[in-house]
Amino acid sequence: QVQLVESGGGLVQAGGSLRLSCAASGRTFRRNAMGWFRQAPGKEREFVAAIGWSGDITYYADSVKGRFTISRDYAKNTWYLQMNSLKPEDTAVYYCAAGNGYFRTYEYDYWGQGSQVTVSS
């Protein structure tokens, strides 16, 4: 059974940092893109960041570019989202995902359970 388990969310003040982790089990994802999405209350799930299977290509939403960094550890079958200079508008449930695309939710086959990130002003 394939599982993606997220950790690292929480409450932080504006300007602070958090690092989300997504640990995969049940299979490896060496040939898959890995991504992060988020969903705020009353809004659709939106793309945040993605990293290609080789680790050389990364993509970011304009709203997080320069503040967030996505990375992956093949040995641990885990990927990360380092979030710096957090803003109240970053408040959302964050989801990790594994798939064959980058920007669209339907391009991802496996999803984590979600991790709440709350940024206070």
Side-chain angles (χ1 to χ4, degrees):
Q1 181 180 1
V2 177
Q3 282 191 315
L4 306 182
V5 179
E6 302 175 21
S7 60
L11 173 64
V12 65
Q13 288 188 333
S17 299
L18 285 174
R19 188 177 80 153
L20 300 179
S21 300
C22 183
S25 62
R27 60 161 287 181
T28 60
F29 292 97
R30 290 184 173 272
R31 293 289 181 178
N32 294 94
M34 320 299 274
W36 289 94
F37 289 73
R38 67 186 181 187
Q39 188 166 18
K43 294 187 176 182
E44 293 189 353
R45 192 170 298 188
E46 65 175 4
F47 168 78
V48 175
I51 186 167
W53 68 269
S54 67
D56 293 336
I57 298 175
T58 57
Y59 297 99
Y60 296 94
D62 289 341
S63 58
V64 307
K65 202 170 293 183
R67 300 187 297 123
F68 290 13
T69 303
I70 188 171
S71 61
R72 63 190 300 171
D73 186 327
Y74 292 96
K76 294 182 179 180
N77 210 22
T78 298
W79 58 108
Y80 308 93
L81 185 68
Q82 177 67 44
M83 305 184 291
N84 298 329
S85 303
L86 283 161
K87 305 175 181 179
E89 50 263 44
D90 294 319
T91 296
V93 177
Y94 283 70
Y95 297 90
C96 63
N100 297 305
Y102 291 110
F103 307 111
R104 310 298 181 190
T105 56
Y106 60 76
E107 295 176 310
Y108 290 83
D109 300 311
Y110 301 96
W111 291 85
Q113 80 285 2
S115 183
Q116 178 69 47
V117 171
T118 303
V119 184
S120 63
S121 57

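Since the structure is predicted, the reported quantities are computational estimates derived from the model, not experimental observations.
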What closest approach, in Å, do [X] and [Y] show between heavy atoms, and which atom pair accounts for it?
X      : Y     : value
Val117 : Leu18 : CG1-CD1, 3.9 Å
Arg30  : Ala75 : NH2-N, 4.5 Å
Gly55  : Arg72 : CA-CD, 4.4 Å
Ala97  : Trp79 : O-CZ2, 3.6 Å

Rounded at 0.5 Å granularity, tell me how far [atom1] in [X] sits from [atom2] in [Y].
X     : Y      : atom1 : atom2 : answer
Glu6  : Trp111 : CD    : CH2   : 9.5 Å
Ser54 : Tyr74  : OG    : OH    : 5.5 Å
Asn32 : Asn100 : CG    : CG    : 5.0 Å
Gln39 : Glu44  : CD    : CD    : 8.0 Å
Ser71 : Tyr80  : OG    : OH    : 7.0 Å
Leu4  : Met34  : CG    : CE    : 6.5 Å

Between the main-chain N or O of [Y] and the side-chain N or O of [X], is there a donor-acceptor pair closer than 3.5 Å?
X      : Y      : result
Asp73  : Thr78  : no
Glu107 : Tyr102 : yes
Ser115 : Ser7   : no

Parallel, tilted or perpendicular: which fits the ring planes of Phe37 and Tyr108, with parallel below 30° and perpendicular above 60°?
perpendicular
Name every donor-acceptor pair, under 3.5 Å, that has one atom in a side chain of residues 81-89 and the other anywhere in the protein, sequence neighbours excluded.
unit_1 : atom_1 : unit_2 : atom_2 : d
Gln82  : NE2    : Asn84  : OD1    : 2.9
Asn84  : OD1    : Ser17  : OG     : 2.9

Apart from Trp53 itself, members of its ILVMFWY cluster (side-chain separation under 4.5 Å) are none
Apart from Val5 itself, members of its ILVMFWY cluster (side-chain separation under 4.5 Å) are none
Checking side-chain contact (heavy atoms from CB on, under 4.5 Å) for the pair Thr91/Gln116: CA distance, chi angles, key distance, verdict? CA-CA 8 Å; Thr91 296; Gln116 178 69 47; 4.0 Å; yes
request  = For atom NZ of Lys43, decide whether the heavy atoms of other residues, nucleotides or ligands shown that lie under 6.0 angstrom number more than 12.
outcome  = no
ask   = Hey, is CZ on Arg104 packed in by over 12 heavy atoms from elsewhere, all under 6.0 Å?
value = no
Should Val2 and Asp109 count as side-chain neighbours, where that means a heavy-atom distance under 4.5 Å? no
Is the shortest side-chain heavy-atom distance between Lys76 and Ser21 below 4.5 Å? no
Sorted by chain and residue number, the side-chain hydrogen bond (donor to acceptor under 3.5 Å, both in side chains) partners of Arg67 (sequence neighbours excluded) come out as Asp90
Residues at least two apart in sequence or cross-chain that pass side-chain hydrogen bond (donor to acceptor under 3.5 Å, both in side chains) with Tyr95, listed by chain then number, are none
query: Can Phe68 and Tyr60 be said to form a ring pair (Phe, Tyr, Trp, His ring centres under 6.0 Å), step by step?
result: CA-CA 8 Å; Phe68 290 13; Tyr60 296 94; 8.2 Å; no
Problem set entry | Co-membership, hydrophobic cluster, residues Val93 and Phe47, 4.5 Å side-chain | yes
| said: When you group the ILVMFWY residues by side-chain heavy-atom contacts below 4.5 Å and let the links chain together, are Tyr94 and Val12 in the same group? | reply: yes
The complete set of ring-ring contact (aromatic ring centres under 6.0 Å, His included) pairs with one or both residues in residues 2-34, sequence neighbours excluded, reads Phe29-Tyr110
